[in-house]
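Written out below as structure tokens is the structure these notes cover.
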Amino acid sequence: MEVSRLKIVIFGAFHAGKSTFIQAVDPTSRHIDTECGDGTTTVALDYGKVVMHGLTVHLFGTPGQERFELARRIIMEGMDAALLVVDCSCAVDDFTKRLYYDLVDSHVPLGLLLNKCDVVESCPAMVRRELPETRYIYEISARDPSNAREALARFVAGIKENR
Ligand SMILES: Nc1nc2c(ncn2[C@@H]2O[C@H](COP(=O)(O)OP(=O)(O)OP(=O)(O)O)[C@@H](O)[C@H]2O)c(=O)[nH]1
Ligand SMILES: [Mg+2]
């Protein structure tokens, strides 16, 4: 891994909050998406960049729809670390579980972003029970830029410390 840069790929199911997270940490980020029933959905990728802990962190967001598997495979090439965004306001779906176990198997540092904690009925504890083997885990609302950035900074610091 090159010392001064880090490629982090953001995974998660449809509407988990991946694009919102990247927008929160980098307001100048770019998003290739299209209108859908309730807002927009990513059809290619998101890209954002931040500097933290002496590293230039390149953030690549993936599409959440299952049919975009090809895009996910291309985007994850050469990743140094992965973040999995999970919507805590509903039950953990099978696609999220598959992403999780594939990422555990990939042996890159994996962080879980337990998202939408601002929603009254959210239940991060339920997600922690379903996806148990993760070292880096953060409860956030991607709509709140300061806590999104803080979670990313803690993840980057953890990666830096342990490599
Ligand atoms: N209440 C709440 N809503 C959120 C949060 N994060 C994202 N959302 C909303 O959830 C919806 C989907 O967010 P996106 O960021 O587009 O989700 P995504 O994971 O990029 O979705 P796809 O690209 O379609 O896979 C939008 O309406 C967001 O405003 C959050 O932390 N809290
Ligand atoms: Mg998106």
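Start at 1 and go down the list; that is how both ligands and their atoms are numbered. Computed from a predicted model, the values in this text were never measured in an experiment.
With no hydrogens or angles considered, a side-chain donor-acceptor pair links T96 and D93 at under 3.5 Å. Judged by distance alone, the side chains of Y100 and D105 never bring a donor and an acceptor atom under 3.5 Å apart. If you check the side chains of H58 and T56, you find no donor sitting under 3.5 Å from an acceptor. When only modelled atom types and interatomic distance are considered, S89 and E121 share no side-chain donor-acceptor pair under 3.5 Å.
Protein residues having a heavy atom under 4.0 Å from any atom of ligand 1 are A13, F14, H15, A16, G17, K18, S19, T20, T41, T42, G64, N115, K116, D118, V119, S141, A142, R143, listed by chain and number.
Without hydrogens or angle criteria, R149 side chain to V25 main chain gives a donor-acceptor distance under 3.5 Å. With H53 contributing its side chain and A153 its backbone, the two residues share a donor-acceptor pair below 3.5 Å.
Residues that satisfy the side chain to side chain donor-acceptor pair (under 3.5 Å) test with R73, not counting sequence neighbours, are E69.
Ion pair K7/E77 not flagged as a salt bridge, since none of the NZ, NE, NH1 or NH2 atoms sits closer than 4.0 Å to an Asp/Glu carboxylate oxygen.
Protein nitrogen, oxygen and sulfur atoms, that is N, O or S, within less than 2.8 Å of the Mg ion (ligand 2) amount to 2.
L70 belongs to a hydrophobic cluster with I74, counting contacts under 4.5 Å between side-chain heavy atoms of Ile, Leu, Val, Met, Phe, Trp and Tyr, direct or through other members.
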